[in-house]
Amino acid sequence: MFNKRTRIKDLLQSDKVNYQTTVMGWVRTFRNNQFIALNDGSTNNNLQVVVALGSLDETTLKRITTGACIKAVGEIIPSLGKGQKVELTATSVEILGDSDAEKFPLQPKKHSLEFLREIAHLRFRTNTFGAVFRVRHSLAFAIHEFFNKKGFVYLHTPIVTASDAEGAGEMFKVTTLPLDGTAPKNEDGSINFKEDFFGRSTNLTVSGQLEGELAAMAFSDIYTFGPTFRAENSNTTRHLAEFWMIEPEMAFSDLEDNMNLAEEFIKYIIRYAMEHNKEDLEFLTQRLDEEEKQKPQNDRSEMGLLQKLEFVVNNDFERITYTEAIDILKESNHNKKKKFNYLIDKWGVDLQSEHERYLVEKHFKKPVILTNYPKEIKAFYMRQNDDGKTVAAMDILAPGIGEIVGGSQREERYDKLTERMTEMHIPLEELDWYLDTRRFGACPHAGFGLGFERIVQFVTGMGNIRDVIPFPRYPKSASF
RNA sequence: UCCUCCUUAGCUCAGUUGGUUAGAGCAUCUGACUGUUAAUCAGAGGGUCGCCCGUUCAAGUCGGGCAGGGGGAGCCA
């Protein structure tokens, strides 16, 4: 067996000293021809491997370069230097993989996030991305743990879908037909998808919600957690063409149950990361502090990253209706002094991100749950309220990120649902399978969608969503 | 897709009213030193100034187009 190593994390956490061990990892820096800062990805902290002067031959010494992969055998002892508690005095060092220092792009210095994005295959080896992706892992794990504890069934909804009526966004087409113009055609000149692989036109999924509802009408509580695709030409710090989404769906639930679950869920996974990724979050807090120092005074956030997470976990989210939000915005000095690009003058308008940011960052200074939006600006499946004007929708807005959750109580009444679909020109026959849930044993139910990368952004403090997914896909970019 | 800013060495950036041979720090290489913490000190190598077209005696510098990137907006998660 080759792997008889100790993980650096375990080694640094333990107080044990004076024992022989083997470590393997990648060289971060090699100082003074003696001190190797070794990292194996188990933690952000490096192990100092000390090579006694003259103990290694000249050629091996030369091969210990930034980025090289090595195996070191020796004794763990209390460190003679100041920066660390323990260190390993190496009796042997073996080069597992060389790294040409002249060509290896990562240098022992600060790099811009934009540069690292171009070398996404190597950026895992930096402190920042090491921390980000360990936190991402923890959040993903916590999500499954949370729902499992609550008795939710993890449902795998299809990635290739025939439904294009949901209207969540532009879709990527899936086809095996030739793209050179020789694809079989109908009489009217359109592509004949009956000849395609699935015998019909198919796309990559934009949401698993409708399928999730089907399963909730049998298991009571389900959740999905998988990749989702939007072919929107969005170029922002919070949109991706391929992203991961969590979509719980609960039978026997109304809008309030939905909000309660969403809030408990968000707090649970943040708390989990705070408990299991303390060092990573401390590092990211420090990183963000340094980044904030570059900004002008007014643009700096009042709280550090950990402080902000602490605050979110320990305080109730603010819950207000759309109507109340409009009143607050209309009466705000910001609106009166015409500081908004889009002034709030009447009920019914959709909120712009400047308004959402004002509510979350200026007015309440905490996450806000907005409910009961006008039905005109929301999807067909949301439950119509008795006032005839609004639907039982809820959006959770987070400071710095904006919309992090979108959800609603679903319209379970067959007549109301089909009436709304007809108004919105959604063909009933396409979603006949969905309508079956309303025909056979319908019940009040609710659910929401949470963008995984956005919560990772929130927890890690990363400004650009492209830096919280290993290999981001966005317009004009699908490298690696 | 729209608005706006940017593109000069491997990286981060200077580069004056257009004017000889384009600079710095870090990284790399060579040497010195040897309990260092992004080690330090000395020296060396490294550039088609994003691409194309134009203005001019002369363009890294001015103008136009294209490409790529950042930030903001829209769409949303």
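Numbered from 1 within each chain, the chains take letters A, B, ... in sequence-line order.
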Would you indicate what A:T228 reaches in the nucleic acid, counting non-hydrogen atoms under 4.0 angstrom: base, sugar-phosphate, or nothing? nothing
Any N or O donor-acceptor pair linking the side chain of A:E87 to the base of B:rG35 at under 3.5 Å? yes
If B:rC41 has a Watson-Crick or G-U wobble mate with both distances under 3.5 Å, name it; if not, just say none. B:rG31
Is it the case that B:rU36 (base atoms only) and A:Q84 (side chain only) share a donor and an acceptor within less than 3.5 Å, ignoring hydrogens and angles? yes
So for A:H239 and B:rC76, does any side-chain atom that can act as donor or acceptor lie under 3.5 Å from a complementary atom in the base? yes
Over all strands shown, is A:F35 touching base, sugar-phosphate only, or nothing at heavy-atom distances under 4.0 angstrom? base
Charged N to carboxylate O below 4.0 Å: is that the case for A:E361 and A:K365? no
Side-chain donor or acceptor of A:Q107 under 3.5 Å from a matching atom on the base of B:rU28? no
Say whether, by atom type as modelled, one donor and one acceptor occur between the side chain of A:E242 and the main chain of A:F229 under 3.5 angstrom. no
Please classify the nucleic acid contact of A:L240 as base, sugar-phosphate, or nothing, using heavy-atom distances under 4.0 Å. base
Using a heavy-atom cut-off of 4.0 Å across all strands, would you classify A:G81 as base, sugar-phosphate, or nothing? base
Nearest-nucleotide 5' precedence on RNA chain B, A:H111 against A:T237: A:H111
Sticking with atom C1', work out how far B:rA73 lies from B:rA14, rounded to a whole angstrom. 33 Å
Aromatic contact between A:Y154 and A:H156, with the criterion being ring centroids under 6.0 Å apart: yes or no? yes
Using a distance-only criterion (donor-acceptor N/O pair, under 3.5 Å, no hydrogens), is the base of B:rC76 paired with the side chain of A:S234? no
Centroid-to-centroid, A:F30 to A:F35, below 6.0 Å? no
Looking at the base of B:rU37, is there any donor atom on it, or on the side chain of A:N46, that sits under 3.5 Å from an acceptor on the other one? no
On a whole-Å scale, what distance lies between the C1' atoms belonging to B:rG64 and B:rG25? 36 Å
Row check, A:F129 ring normal vs A:R123 NZ/CZ: under 6.0 Å, within 45°: yes
Using heavy-atom distances to pick each residue's nearest nucleotide on RNA chain B, tell me which of A:R357 and A:P475 is more 5'. A:P475
